[in-house]
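In what follows, chains carry the letters A, B, and so on, assigned in the order in which the sequence lines appear, proteins first and then strands, with residues in each chain numbered from 1. Since we're looking at a predicted model, the values are computed, not measured.
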Amino acid sequence: MKAGLTTREPEMLARWEHAGLYRQIQDARRDAPLFVLHDGPPFANGDVHMGTALNKVLKDFIVKSRTMLGFRAPFVPGWDCHGLPIEFKVVKESRGLSPVEIRQRSEEYARKFIAIQRRQFRRLGVFGDWEHPYLTLDPSYEAEIIRTFGRLVEKGLVYRGKKPVLWSTGAQTALAEAEVEYAQRTDPAIYVKFPLVSGTGALEGAALVIWTTTPWTLPANVAIAVDARAEYVVGDFGGTTLVVARALLEAFAAETGLALTGEIAVLKGEDLQGLQAQHPFLPRTARVITADFVTMETGTGQVHIAPGHGKDDYIAGQQNGLPTLSPVDDYGKLTEDCGMPQWTGKYVFAVNKEIVEFLRENGSLLAAQDYTHDYPHCWRSKTPVVFRAVEQFFIRVDDLRAGALEAVDTAVWIPHWGRNRIAGTVESRPDWCISRQRTWGVPLPVFYDVSGAPILDPAVVEKVAVLVAAHGTNLWFAKDDAWWASELGLPPGTSRRNDTLDVWIDSGVSHEAVLRKRPELAFPADVYLEATDQHRGWFQSSLMTSVAMNGCAPYRTVITHGFVVDKDGQKISKSAEYKKPTHAEHFVDQYGADILRLWVSSVNYTDEVPFGEEVFKQVAERYRGFRNVLRILLANLSGFSGGDLSGATGIDRWVLSRLQEVIAKCRAAYEAYDFRAVFETLNQFCAVDLSAIYVDITKDRMYCDAADSPRRRATQTVMQACFDAVTRLLAPILVFTADEAWEFAGRAGSVHLETFPEPDAAWRDEALEKQVEEWLKLRGVVYQQAIEPARQAKTIAKPLEARITLQVPADQIARLEEAKNELEEFFIVSEVHFVPGPEVAASLAKSPHAGCARCWRFLPSVGQIAAQADLCDRCAEAVTAIAECADGDMGTPSPHQPIAD
RNA sequence: GGGCCUGUAGCUCAGUUGGUUAGAGCAUGCGCUUGAUAAGCGCAGGGUCACUGGUUCGAGCCCAGUCAGGCCCA
């Protein structure tokens with residue numbers, strides 16, 4: 001059967017595609033109320049991983065179940081195509097490519113993986129408009145990205161500022177983290193005095209001391225950071241009054257030879273906050289600020305802050321309103337802004353030495369050593385990297401924050417704590433830097449006039465959008481400044497740069513580019529569903545752009561799922577040491593897509609989601625349970641052409657009643673996106689109510705009653721209802737198996753065109769359900785106390801050989817006697833007698849009667865009919881009836897044809 | 001280090017507003033059946049509810065802390 005799935009599923013897939021099943025479903029729901037699940041685009045890179053599969057299958061559960069709940073639920077899959085990981089791979093493969101070439105190859109790369117992932121998603125049984133996905137590299141999509149930027153400009157939400165980036169002075173380009181490699185190099189480590197110019201008492205005449213390994217950043221110094229809670233000593237160090245963190249006094253003495261000779265005062269870092277200290281060579285002061293990244297590992301506990309030359313420095317600068325200075329050019333040479341003419345034009349790593357000498361001469365230098373450390377280098381030019389502030393464009397998040405927080409509360413967050421998570425990130429996020437110095441992306445549509453000032457004009461941006469919609473963004477890279485200037489009616493001399501937009505803008509505007517553009521969709525979406533990392537990612541970028549443009553959230557409900565973890569609860573590492581399979585294809589090839597889907601339905605997706613071989617083996621067992629139940633129902637229904645419930649017994653009505661509950665529970669669970677509850681409910685119903693109880697008990701009548709006996713027909717009617725409902729309810733999960741069963745049952749069309757069954761209150765019978773619960777308790781006693789011991793003792797082999805004596809409280813006997821025949825069937829024994837007693841107890845005797853050759857029950861009627869001496873009265877009658885209307889030998893029941901194996 | 005979250009049998013999960021000996025399915029063991037048979041049925045074993053304190057007549061459920069794990073920041 002396992003082997004069956006992996007070959008049968010692709011066959012069914014081919015049939016679906018040939019028949020255009022997705023189209024059929026959409027057509028069938030043409031006038032139904034709309035339900036939009038908007039696909040968050042996966043990155044077009046790599047194979048479909050278990051996490052991606054989990055995400056897509058959950059989405060498919062929603063789309064299919066809403067469809068079966070009566071909605072029109074289109075699914076337009078998408079891919080995120082731009083971005084560094086692709087560009088990086090392309091550039092790594094072959095160097096020296098022009099931007100146009102990089103973009104060509106990046107697109108090829110993205111399209112290759114879109115094709116691969118699309119095949120893998122389809123293989124999972126995910127329905128959608130796979131022929132027309134949305135791609136962020138489509139010219140029409142790119143144009144929407146550019147238009148959105150224009151709208152943001154129009155609303156005054158975009159500004160230009162400086163921010164430090166990793167910069168390769170060898171390649172004159174910004175680098176991403178991934179493009180940096182670490183190598184050892186030796187730099188001067190220096191201790192520098194900053195005399196205090198404010199401060200009274202003990203601090204009068206004292207100097208702060210910083211430690212740095214990048215002397216060339218001193219011209220950009222604007223502050224000194226201390227740890228607010230740490231203790232600092234103001235003391236005499238061989239004639240000069242210095243401030244040093246207490247924790248570093250010893251190390252300071254060892255490194256500089258300056259030992260504390262007299263303690264003047266002790267202060268907390270926070271007491272130093274706000275003081276001004278004289279810059280060692282520039283006519284300005286550095287302000288003392290506090291920062292939580294100050295450590296007591298090296299230095300003095302006082303950190304030189306140059307916001308233009310470090311990430312921490314920049315953040316601290318933003319928080320304290322400090323200017324971002326960065327007097328370094330593209331080649332790593334100091335510019336005249338450094339304020340020291342003798343250093344201007346010199347390479348920063350060369351000028352270090354001169355700076356140190358200068359400090360030594362002017363008395364600011366307390367000590368200098370060579371310091372060897374791991375330092376980032378450009379992976380391409382191998383030159384040491386600098387942090388350098390460059391012009392960037394930002395979105396004013398402060399102007400959006402209040403609106404975004406309000407919008408958060410208009411959406412439903414599943415699980416509910418998702419609300420806190422996104423609110424937290426929205427509250428704390430700084431302005432959004434939307435420019436990147438990359439090639440594989442949508443160009444930042446900004447021009448510069450001859451003086452170098454940016455032209456931020458929505459009308460110009462719109463013109464760019466129109467050109468891009470027609471020709472794609474390659475145009476930006478293929479044409480020169482003069483072409484663009486003339487095309488857009490800008491003055492000659494207008495130039496443009498090679499910045500691209502942050503890829504979070506790409507996917508973050510999908511509500512504009514997809515929800516509003518596709519005729520079959522609508523804004524806002526009913527549901528967004530992604531992993532929890534997207535609270536900071538797509539959920540937030542989409543929220544910000546939508547609040548900016550629409551003043552509301554782009555979604556009504558946001559569902560998040562956890563990450564997949566292996567069965568030990570460890571995260572699935574992408575590193576080389578992690579050897580276990582993590583690709584969906586591995587599990588699909590081994591077990592089948594339906595089993596992968598059943599796995600998704602069986603876990604609590606709001607937590608971390610465990611998987612692994614053991615988990616899959618277990619799920620595969622459960623799959624067999626479902627499959628076998630469908631099979632036996634189909635087998636029992638073979639030749640059945642409709643009937644009624646006139647011959648129904650208690651157990652039939654009980655199953656029918658239970659079925660109504662199952663239907664109601666499953667529908668409610670699907671509505672609440674609680675697929676695990678669907679799984680549990682159907683599993684319980686199939687494994688226990690149907691397999692262990694109903695089907696087992698009714699075997700006797702299915703095999704031995706006359707084919708058209710009212711009792712048998714009633715049972716088939718009930719089984720028909722069970723099969724029909726279970727197959728439909730299972731369809732969103734076991735997409736292939738359910739449709740296969742539907743086909744075997746002779747139904748026209750796909751089960752995926754159907755709707756879910758609706759519970760019929762008329763069939764609910766809670767009194768009966770209670771009664772059967774009591775019977776089940778009695779059955780437990782019968783098996784525990786009578787049948788099981790007798791089997792172990794080899795008194796009997798099968799329960800039908802047993803005559804049970806059941807002791808029950810006297811007041812219950814009359815009621816039980818009434819149901820005596822049903823209880824014999826229910827216990828699957830030949831005879832039951834009731835005797836009064838203080839408590840429920842069961843005992844057993846081997847039946848004194850002969851066994852019927854046909855139904856295997858031991859009954860007094862066996863042998864009473866001379867013509868059929870080995871049969872009981874019921875079987876004799878059934879055989880006679882068969883003989884009258886048929887010619888074949890039907891004395892024993894024919895095994896039903898195995899169906900759907 | 002900070003924010004959000006998770007931790008119940010070997011596995012996946014239930015455990016209603018705190019209230020009797022904590023449940024299910026699967027897996028395991030033993031047995032039965034051989035008319036669901038690369039199936040089916042029965043019985044059994046298995047949990048100091050992560051740990052430690054606290055509130056309460058009573059806590060898997062409430063509170064605090066610890067440990068372990070996840071995501072996002074730093």
Side-chain angles (χ1 to χ4, degrees), chain A residues 1-4 291-293 295 311-312 315 415-425 427-429 531-537 540 560-565 567-572 598-599 601-604 606-625 627-636 676-677 679-688 690-693 695-697 699-700 702-704 779-780 782-794 796-801 827-828 854-856 892-896 898-901:
Chain A
M1 177 149 49
K2 280 182 201 167
D292 52 14
F293 57 81
T295 68
K311 201 174 168 193
D312 283 341
I315 292 163
H416 65 90
W417 47 258
R419 187 248 156 225
N420 284 350
R421 234 188 129 170
I422 187 144
T425 62
E427 272 163 14
S428 66
R429 83 154 297 157
T532 69
D533 58 340
Q534 298 304 325
H535 282 112
R536 198 171 193 79
Q540 196 194 200
T560 50
H561 60 83
F563 277 60
V564 290
V565 294
K567 75 167 181 4
D568 304 319
Q570 298 301 305
K571 115 173 140 164
I572 307 304
L598 193 60
W599 161 72
S601 80
S602 74
V603 296
N604 177 5
T606 61
D607 266 0
E608 297 122 51
V609 179
F611 86 103
E613 296 292 343
E614 187 187 346
V615 175
F616 264 79
K617 284 197 180 108
Q618 184 190 326
V619 171
E621 284 305 312
R622 271 298 70 231
Y623 171 81
R624 295 167 67 165
R627 188 179 181 88
N628 280 325
V629 165
L630 293 179
R631 274 181 57 208
I632 187 66
L633 290 177
L634 281 170
N636 283 344
R676 200 186 63 243
F679 172 84
E680 299 282 348
T681 302
L682 289 177
N683 182 36
Q684 191 70 20
F685 185 65
C686 288
V688 181
L690 289 180
S691 185
I693 300 174
V695 172
D696 208 35
I697 286 170
K699 268 179 192 165
D700 174 77
M702 290 312 301
Y703 288 118
C704 304
R779 187 178 80 147
V782 167
Y783 274 81
Q784 250 168 51
Q785 298 183 6
I787 293 174
E788 203 52 35
R791 274 174 172 170
Q792 303 277 351
K794 309 286 180 199
I796 60 164
K798 41 189 174 179
L800 282 174
E801 294 170 50
F827 298 153
I828 318 182
R854 187 162 175 272
C855 71
W856 302 343
T892 54
S894 60
H896 295 290
I899 294 175
D901 177 34

Looking at A:Gln784, does any N or O in its side chain come under 4.0 Å of the phosphate oxygens OP1/OP2 on B:A44?
yes
Of the listed nucleotides B:G42, B:C5, B:G69, the one nearest the side chain of A:Arg791:
B:G42
Does A:Val619 or A:Ile828 map to a spot on RNA chain B nearer the 5' end, using the closest nucleotide for each?
A:Val619
Provide the distance between the two C1' atoms, one in B:G15 and one in B:U21, to the nearest whole Å.
16 Å
Please pick, from B:G70, B:C43, B:A36, the nucleotide with the shortest atom-to-atom distance to any side-chain atom of A:Glu788.
B:C43
From the candidates B:A36, B:C5, B:G3, the one with an atom nearest any side-chain atom of A:Arg421 is B:G3
It should be established whether A:Lys794 places a side-chain nitrogen or oxygen under 4.0 Å from OP1 or OP2 of nucleotide B:C32.
yes
Using OP1 and OP2 only, check whether a side-chain N or O of A:Arg419 sits under 4.0 Å from B:C4.
no
So, OP1 or OP2 of B:C26: does either fall under 4.0 Å of a side-chain N or O from A:Tyr623?
no
Would you please confirm or rule out a distance under 4.0 Å between OP1 or OP2 of B:U34 and any side-chain N or O of A:Lys798?
yes
From the candidates B:C43, B:G10, B:G25, the one with an atom nearest any side-chain atom of A:Glu614 is B:G10
Candidate list A:Asn683, A:Val619, A:Val615, test side-chain contact (heavy atoms from CB on, under 4.5 Å), partner A:Ser602, passing option:
A:Val619
Evaluate whether the aromatic ring of A:Phe679 and the six-membered ring of the B:G25 base sit under 5.5 Å apart, centre to centre, with an inclination under 30°.
no
Phosphate contact (B:G40 OP1 or OP2) by A:Lys699 side-chain N/O below 4.0 Å:
no
Per A:Gln792 side chain, nearest of listed nucleotides B:G42, B:A36, B:G35:
B:G42
Both A:Gln684 and A:Gly625 contact RNA chain B. Which one's nearest nucleotide lies toward the 5' end?
A:Gln684
For the P atoms, the ones on B:A64 and on B:U20, what distance do you get once it is rounded to whole angstrom?
25 Å
